[in-house]
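Single-structure report; data block below.
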Amino acid sequence: MSDEQNVTQEENRLIAERREKLAAIRAEGNAFPNCFRPNAKAQELQDKYGEHERDALEELGIEVAVAGRLMLDRKSFKVLQDVTGRIQIYATKEVQQDTRHWDIGDIVGVKGKLCKSGKGDLYVMMDEYVLLTKSLRPLPEKHHGLTDTEQRYRQRYVDLIMNENTRKTFQIRTKLIQGIRQYLVERGFYEAETPMLQVIPGGATARPFVTHHNALDLDMYLRIAPELYLKRLIVGGFERVFEINRNFRNEGLSTRHNPEFTMVEFYQAYADYHELMDLTEDMLRTLAEQLLGGTEVQYQGQTFDFGKPFIRMTVFESILHHNPDITAEELNDIEKARAVAERLGITLRDADGLGRIQTEIFEETVEHKLLQPTFITAYPTEVSPLARRNDEDPFVTDRFELFIGGREIANGFSELNDAEDQAERFRQQVAEKEAGDLEAMFYDEDYVVALEYGMPPTAGEGIGIDRLAMLFTDSPSIRDVILFPHMRPQA
RNA sequence: GGGCCGUUAGCUCAGUGGUAGAGCAGUUGGCUUUUAACCAAUUGGUCGAUGGUUCGAAUCCAUCACGGCCCA
C-alpha cells in the first residue's frame, strides 16, 4: 500500500473536518486546556437527584461541574458520559451557536445549575462550558455501537467508549481480583511477587516463551507458573503465600486460551487438598454473593449453583460414571485401557503409562460434561509430578481439579515435600522431554535443594482468573475478559 | 493445521452478473425541553488484496490476508 493510499484511508474527510476545527481552536488559544475540575459524577447525580420533583430541584439551586465525553448531540440537549454513566447538558440557542465546533466524541467540561426537563430527566444548564479535548476521529454509530469483534479487540478503547457491557465486564473482572485478594489476605496469606523471567520454567507442563538476557548472555523463559518459587517461600517459612499475576504459555489462541493469562496461586502450610477444596468452595460462593448478589451464576443460558455443595469424585469414578460402556477392569489394565483410548480416537505415545492413558480418557469423555461445580480428585502420579502421592494408593496423588461449565477452573494438591521423590519425578520428566514431549518439565536442581532443607506439609492451588471472569460476566470467549487480547498483527 | 462463515461509506447493514444503496455520523439550513430528538437539502466508496471467467464482476472461480465459530 502506498503512503498516499494510507493517507486517504487514515485521513478521511471526517477527520480532516475535525482537524480544521482543531486548527481554528489552536489559533484562538490553548486547544488542550487542563483547567477544569468536575465536582460531580453523572450517575451519582442521577442517583441523588433523579427522583426529585422539578420544582423542588429548582428550589435547591444546585450548581455542579461535570466533565466527560460528548456522546449524543440533540443540539439543545447534549449527552455527556463520564466514568459512572451519562447525564444531559442543556444548551440555549446562544450556547449552541457558540459550541458549533463541538463534535460527538469531544471531551468537555460544563458548569451550571442542575435542572429537570419536562420529561423528568436531569440536565446541567450550560452556564459555563469548555472544550477540553478535541476528538479527531468519529465514533461508531450511536445506536448499534461497535459490534465488529475484531475492531472491538484491536481498538478496545473504542469498545469501552461505546459499549456499557464491556465496561461492566472489566469492572466485574477487577472486583473479582480484588475479592480474591481480600479473601486470601483476610485469612493470613501474604502476597508475593516471584520471577516472571525464569532460567528454568517450572511449575506446569507447557511450552514456554523463550527470550534472551543480553548482559548475562543467557536464554530465559517467561514463566509458565509461579509454583516452584512460591513453594520456596513456604520452605523459607512464610506458611501462607499467594500471587496474582500473569503466566505465559506458548500455545494456540482460542476462545479458552490466551498466550498470557492470569492466575492466582496460593499455598498453605499444614493443610491438605481437602482443606483447599473446602476453601475454594467457600471462596467462590463468597465471590458470587459479593459480585452477583447470589450463589446462582447464569452462564450462556445455563445456571451453575455455587450454593450447593460441589460434587466430588475421583478421575477413575468419573470415567466410569460418564462411560457406562467402560469397565473398571478395562481402566485398570494398561493394554485394555490403551484399546479403549484408541477406540475413542485418542492418540497415545508408546511411552504413555496407565496413568496418562486414564487421564486422556478422562479429558476426552468427561471434562466437557462437568457442568455444575465438580471437584475431580486422585489424578494419577504419572501426570502430577509436583503432587504428593496418596498414602494408600501411590498410583494416584492427593490432587484435585475444579470444573465448572465443562472447563477447568482450578488445580490444586497436597504438595510433594519429599525431596528424594521430587528428584525422581523430575528425572522422569526429563526422560519424557528427551523422548519428545515438548511440554515435559525441566529438572530444577535448586528446587530439590530447597525441599532438602525441608518444606512443611503444604497444600497449594492455582485458579484461572480469566475463566472465572468469563463465568462471572457471562462471556463466551476469554477475549471478552482480557482488555487487550492477542491478535495476529494486521497486514 | 482442517472445516464452515464473514470482509461493501467513519459506524450498523442491504445489495446473487447489467449505472454502488439505506440509516446513523458529517455538512448547510430550520425547529428549540429533547430521549436513537425531529424536518429539509446535501457530501462521502479502488465493494479486504491479487489474478481469472465474461461484452460486462461487489456478485462467479482461484489464491492470499485478516477475523469469527467449530474441530485438532
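In what follows, every chain begins at residue 1, and chains take the letters A, B, ... in the order their sequences are listed. Since this is a predicted model, take the numbers as computed values, not measurements.
Residue contacts shown for A:K21 are limited to sugar-phosphate atoms, with no base heavy atom under 4.0 Å away. A:H144 comes within 4.0 angstrom of the backbone, heavy atoms only, and of no base. Across all strands shown, A:T255 has heavy atoms under 4.0 Å from sugar-phosphate atoms exclusively, and none from any base. A:M487 comes within contact range of the sugar-phosphate backbone alone, with a heavy-atom separation under 4.0 Å but no base atom that close. Within 4.0 Å (heavy atoms only), A:G145 reaches sugar-phosphate atoms of the nucleic acid but no base atom. Using a 4.0 Å heavy-atom cutoff across all strands shown, A:L139 reaches no nucleic acid atom at all.
Protein atom CZ of A:R256 is 10 Å distant from nucleotide atom C1' of B:rC70, rounded to whole Å. A:M71 places its CE atom 18 Å from the P atom of B:rU35, with the value rounded to the nearest Å. The CZ-P distance, from A:R100 to B:rU32, rounds to 19 Å in whole Å. Distance, A:E141 CD to B:rG26 P: 11 Å, rounded to whole Å. A straight line from CD of A:Q97 to P of B:rC31 spans 12 Å, rounded to a whole angstrom. Here the C1' atom of nucleotide B:rG1 and the CD atom of A:E251 are 16 Å apart, to the nearest Å. The CG atom of A:N12 sits 11 Å away from the C1' atom of B:rC11 (whole-angstrom rounding). Between the NZ atom of A:K75 and the C1' atom of B:rG29 there is a distance of 12 Å, given to the nearest Å.
You'll find that the side chain of A:E150 is closest to B:rG67, out of B:rG10, B:rU32, B:rG67. With distances taken from any side-chain atom of A:K93 to the nucleotides B:rG68, B:rU33, B:rU32, the minimum falls on B:rU32. Between B:rC31, B:rC11, B:rC66, one nucleotide has an atom nearer to the side chain of A:Q96 than all others, and that is B:rC31. Listed candidates were B:rU32, B:rG67, B:rU33. Nearest to the side chain of A:S76 is B:rU32. Listed nucleotides B:rU32, B:rA37, B:rG67 differ in distance to A:L72; the shortest reach to its side chain belongs to B:rA37. Checking B:rU33, B:rU34, B:rC11 against the side-chain heavy atoms of A:D121 singles out B:rU34 as nearest. For A:F77, the side-chain atoms get nearest to B:rU34 when compared with the rest of B:rU34, B:rC66, B:rU32. Closest approach to the A:D103 side chain among B:rA25, B:rU34, B:rU27 is made by B:rU27 (side chain taken as heavy atoms from C-beta onward). Of the candidate nucleotides B:rG26, B:rU33, B:rU34, B:rG26 has the atom lying nearest to any side-chain atom of A:E17.
Using P as the reference atom, B:rA20 and B:rA57 are 11 Å apart when rounded to the nearest Å. Atom name C1', nucleotides B:rG15 and B:rU7: the rounded distance is 15 Å, in whole Å. B:rG3 and B:rC64 have their P atoms separated by 11 Å, with the value rounded to a whole Å. Going from the C1' atom of B:rC61 to that of B:rC24 covers 36 Å, rounded to whole Å. Look at the P atom in both B:rU32 and B:rU12: the space between them is 35 Å, to the nearest Å. Distance noted for atom P between B:rC55 and B:rU63: 24 Å (whole Å). The separation of B:rA40 from B:rG23, taken at their P atoms, amounts to 10 Å, rounded to a whole angstrom. Annotation: B:rG10 and B:rC5 have their C1' atoms spaced 25 Å apart (nearest Å).
Within the structure, every side-chain polar atom (N or O) of A:R74 is placed at least 4.0 Å from both OP1 and OP2 of B:rU34. Listed pair A:K116 / B:rU34 fails the phosphate criterion, with no side-chain N or O lying under 4.0 Å from OP1 or OP2. For B:rU12, the OP1/OP2 oxygens have a side-chain nitrogen or oxygen of A:T147 closer than 4.0 Å. Distances shown here put every side-chain N or O of A:Q151 at or beyond 4.0 Å from the OP1 or OP2 atom of B:rG67. When the side-chain nitrogen and oxygen atoms of A:R13 are compared with OP1 and OP2 of B:rU27, none of them lie within a distance under 4.0 Å. One finds a side-chain N or O of A:K142 lying less than 4.0 angstrom from the OP1 or OP2 phosphate oxygen of B:rA25. Close to B:rG67, at under 4.0 Å from its OP1 or OP2, lies a side-chain N or O of A:R154. Between B:rU34 and A:K119, a contact under 4.0 Å exists linking OP1 or OP2 to a side-chain N or O.
Put simply, the residue from A:I319, A:V315, A:L320, A:T314 that forms a side chain to side chain contact (heavy atoms under 4.5 Å, CB included) with A:E317 is A:T314.
Salt-bridge check for A:E17 with A:R13: passed, with a basic side-chain N closer than 4.0 Å to an acidic carboxylate O. A salt bridge does not link A:E63 to A:K111: none of the charged nitrogens lies less than 4.0 Å from a carboxylate oxygen. Between A:D98 and A:K93, none of the side-chain N atoms (NZ, or NE/NH1/NH2) sits under 4.0 Å from a carboxylate O, so this pair counts as no salt bridge.
In this structure, A:E141 contributes its side chain and A:H143 its backbone to a donor-acceptor pair below 3.5 Å.
Pairing for B:rG1 goes to B:rC71, judged as Watson-Crick or G-U wobble with the two contacts each under 3.5 Å. Across all strands shown, B:rA49 is found opposite B:rU63 as a Watson-Crick or G-U wobble partner, with both distances under 3.5 Å. Under the Watson-Crick and G-U wobble criteria, each requiring two contacts below 3.5 Å, nucleotide B:rU27 is paired to B:rA41. Under the Watson-Crick or G-U wobble criterion, with both distances below 3.5 Å, B:rG18 is paired with B:rC55.
In this structure, the ring of A:Y221 has its center less than 6.0 angstrom from the ring center of A:F442. You'll find the ring centres of A:F413 and A:F400 outside the 6.0 Å limit. The aromatic ring centroids of A:F304 and A:F403 lie 6.0 Å or more from each other.
Side-chain atoms of A:Y123 and base atoms of B:rU33 include a donor and an acceptor less than 3.5 Å apart. One donor-acceptor pair, N or O on each side, does fall under 3.5 Å between the base of B:rU35 and the side chain of A:S117.
For A:D480 and A:Y153, the side-chain atoms include at least one donor-acceptor pair closer than 3.5 Å.
No cation-pi contact links A:R156 to A:F484, judged by a cut-off of 6.0 Å to the six-membered ring centre and 45° from its axis.
Comparing A:R479 and A:D73, the nucleotide of RNA chain B nearest to each residue sits closer to the 5' end for A:D73. For A:L253 and A:I104, each mapped to the nucleotide of RNA chain B holding its nearest heavy atom, the one lying further toward the 5' end belongs to A:I104.
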